[in-house]
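Everything on this sheet refers to the single structure shown next.
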Amino acid sequence: MNISSSTHPVVSAPGSLRSFMQRYPLICYFVMAYGFSWLAWLPYVFSQSGLGLLPVTLSQAAVLPGAYLGPLLSGFLMTAAVEGRPGVQRLLRRIILWRVGWQWYLFALLGVPAILILSFFTRPGSVAALHFSAFPQLALFFPLLLIVEILTSGLAEEPGWRGFALPRLQERYGPLLGSLMLGLLWGGWHLPLFLTNWAVNSGGLAIGEFLLSTILIAIVITWVFNHTRGSLLIAILLHATLDAFSSAVAASGLFTLQWFQRNAIADLLIGVGVAVLVLIALTRGRLGYGRASSSSATIAGQYDEHA
C-alpha cells in the first residue's frame with residue numbers, strides 16, 4: 001500500500017508558499033492544526049461554558065468545528081501541498097483501507113475495552129464501586145457512542161495525526177521517538193479545552209495525566225498502524241473505541257460516578273502503560289516499523305507484517 005509519494009514531490013516555484021510547506025511539512029502541519037482549531041475554539045473557551053467572558057452557553061458540540069478544521073483540514077491541505085492530487089487520493093483510500101486482518105478489528109473493538117476494564121480492577125475499592133446491573137446499559141451505550149466517536153473524534157483527527165504526521169515522524173525520528181513526539185503534540189492540541197467544561201478536572205495534575213495518556217495511546221496506535229499498512233480506518237476505529245468505551249462506562253453507571261471520575265485516568269495509564277511496555281519489549285521499540293534501506297524509498301516501503 002503506497003502511503004506517501006515522497007519520492008515524487010510536487011514541483012513548485014522557489015520561494016513560493018508551497019515550496020516552504022514542502023521543505024517544512026511537519027512544522028507547517030502542526031502550526032496549521034493548532035492554529036485552525038484554537039481559533040475555532042475561541043467562542044467556546046470564552047463562553048459561559050469556559051471562561052465566562054461571553055454571555056452565551058455552548059455545549060461540548062462546540063469542540064467539533066475546531067476538530068475538523070484542525071487535524072483533518074490541515075492533513076488534507078498539507079498532503080495536497082506536498083504530494084498533489086495523487087497524494088490526496090491515496091490519503092482518501094487509506095481512510096477506507098479495510099482489508100487488514102480480522103485480528104486488528106478484534107483488538108480495537110474488544111482488546112482495548114478489555115485492557116481498560118482490567119485496569120479499573122487494579123484500583124482498591126473497584127469491586128465495591130462496581131454495579132453489575134449496569135452491564136446491559138453498557139452493552140447498549142457502547143455501540144451507539146462508538147458510531148458517534150467514529151464520525152467525530154476519529155474522523156476529525158486521525159487523517160491528520162496518523163495520516164499525514166505519523167509517517168513523516170517515523171521516517172525522520174523512528175517509530176518510538178516519533179510516537180512520543182506525536183503523542184505529546186496530540187495531547188497539547190487539547191489544552192484550550194481544559195479551560196472549558198469539556199474537562200472534568202482542569203488542574204495541573206489532570207493535564208499532566210492527560211498528556212501522558214495521549215503519549216501512551218499514540219504508541220499503541222502506531223503499533224497497530226504499522227501492522228495494518230497505514231490503515232486510517234483502523235486508527236479511526238481504535239481512537240473511537242477508546243473514547244466511546246470510557247464514555248459508555250460513565251454513562252451506564254458501571255462504576256459509581258464519583259469513583260470513576262476520580263480514578264479513570266489513573267487506571268487508564270496503568271492498563272495502557274503496561275501494554276506499551278510489553279509492546280516496546282516485544283518489538284524492541286520498532287513497533288512493527290521496517291526502515292527501507294534506500295534513502296529514496298517511499299514511506300510505504302517501510303511497513304512490513306512483522307514486529
List the atom pairs, with distances to 0.1 Å, where a side-chain N or O of residues 57-72 and a protein N or O form a donor-acceptor pair under 3.5 Å, not counting sequence neighbours.
residue: Ser59; atom: OG; partner: Ala61; partner atom: N; Å: 3.3
residue: Gln60; atom: NE2; partner: Asn197; partner atom: O; Å: 3.1
residue: Tyr68; atom: OH; partner: Leu151; partner atom: O; Å: 2.3

Measuring from atom [atom1] of [X] to atom [atom2] of [Y], what distance do you get when rounded to the nearest 0.5 angstrom?
X: Trp161; Y: Thr222; atom1: CH2; atom2: OG1; answer: 13.5 Å
X: Phe164; Y: Arg168; atom1: CZ; atom2: CZ; answer: 4.0 Å
X: Arg18; Y: Met78; atom1: CZ; atom2: CE; answer: 10.5 Å
X: Arg99; Y: Thr228; atom1: CZ; atom2: OG1; answer: 15.0 Å
X: Arg94; Y: Ile236; atom1: CZ; atom2: CD1; answer: 10.5 Å
X: Arg90; Y: Glu83; atom1: CZ; atom2: CD; answer: 5.5 Å

Any [X] side-chain heavy atom under 4.5 Å of [Y] side chain:
X: Gln170; Y: Phe225; answer: yes
X: Phe141; Y: Val249; answer: no
X: Leu232; Y: Leu91; answer: yes
X: Val276; Y: Ile280; answer: yes

### Residues that Ser74 engages under side-chain hydrogen bond (donor to acceptor under 3.5 Å, both in side chains), provided they are two or more places apart
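Once residues adjacent in sequence are excluded, Ser74 has no partner under the side-chain hydrogen bond (donor to acceptor under 3.5 Å, both in side chains) criterion.
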### Query
Among all residues two or more places apart in sequence or in another chain, which pass the side-chain hydrogen bond (donor to acceptor under 3.5 Å, both in side chains) test with Thr256?
His131
Apply side-chain contact (heavy atoms from CB on, under 4.5 Å) to [X] and list each qualifying residue two or more places apart in sequence or on a separate chain.
X: Leu233; answer: Trp98, Tyr105, Ser231
X: Ile115; answer: Phe107, Ala275
X: Ile96; answer: none
X: Val31; answer: Ile27

For [X] against [Y], the heavy-atom pair lying closest together:
X: Leu39; Y: Pro43; answer: O-CD, 4.0 Å
X: Gly75; Y: Thr79; answer: O-OG1, 2.7 Å
X: Ile95; Y: Pro159; answer: CD1-CG, 4.0 Å
X: Ala235; Y: Ile221; answer: CB-CG2, 4.2 Å
X: Leu268; Y: Ser213; answer: CD2-CB, 3.8 Å
X: Ala218; Y: Ser179; answer: CB-O, 3.7 Å

Are [Y] and [X] connected in a single hydrophobic cluster, I mean Ile/Leu/Val/Met/Phe/Trp/Tyr linked by side-chain heavy atoms less than 4.5 Å apart?
X: Leu118; Y: Val272; answer: no
X: Leu211; Y: Leu177; answer: yes
X: Leu287; Y: Leu277; answer: no
X: Val127; Y: Leu138; answer: yes
X: Phe76; Y: Leu169; answer: yes

#### Entry: Asp243: partners by salt bridge (Lys or Arg N to Asp or Glu O under 4.0 Å), with sequence neighbours left out
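Asp243 satisfies salt bridge (Lys or Arg N to Asp or Glu O under 4.0 Å) with no residue once adjacent residues are dropped.
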### Counterpart residues, salt bridge (Lys or Arg N to Asp or Glu O under 4.0 Å), relative to Glu149 (two or more places apart)
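Here no residue qualifies.
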### Task
Could you name each residue pair satisfying salt bridge (Lys or Arg N to Asp or Glu O under 4.0 Å) that touches residues 151-165, not counting sequence neighbours?
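Those involving residues 151-165 are Glu158-Arg162.
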#### Entry: side chain to side chain contact (heavy atoms under 4.5 Å, CB included) between Leu184 and Thr214, intermediate numbers included
CA-CA 7 Å; Leu184 182 60; Thr214 57; over 6 Å; no
#### Entry: side chain to side chain contact (heavy atoms under 4.5 Å, CB included) between Leu180 and Tyr173, worked out
CA-CA 10 Å; Leu180 292 172; Tyr173 302 105; over 6 Å; no
### Message
By the ring pair (Phe, Tyr, Trp, His ring centres under 6.0 Å) test, which pairs, at least two apart or in different chains, include something from residues 197-222?
### Response
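Listed by first then second residue: His190-Trp198, His190-Phe210, Phe194-Trp198, Phe194-Phe210, Trp198-Phe210.
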### Query
Is a donor on one side and an acceptor on the other found under 3.5 Å between the side chain of Gln48 and the backbone of Gly52?
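Checked: pair present.
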### Query
Is the side chain of Ser119 donor-acceptor paired with the backbone N or O of Asp267 at a distance under 3.5 Å, no angle test?
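Yes; at least one donor-acceptor contact below 3.5 Å.
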### Query
Yes or no on side chain to side chain contact (heavy atoms under 4.5 Å, CB included) for Ile150 and Leu155, after CA distance, side-chain angles and deciding distance?
CA-CA 6 Å; Ile150 286 173; Leu155 184 60; 5.8 Å; no
### Message
Under the side-chain hydrogen bond (donor to acceptor under 3.5 Å, both in side chains) definition, can you give me all pairs with a residue in residues 28-42, not counting sequence neighbours?
### Response
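For residues 28-42: Ser37-Trp189.
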### Task
Start with the C-alpha gap between Tyr44 and Leu193, add the side-chain angles, then the distance that decides, and say whether side chain to side chain contact (heavy atoms under 4.5 Å, CB included) holds.
CA-CA 9 Å; Tyr44 182 42; Leu193 300 179; 4.1 Å; yes
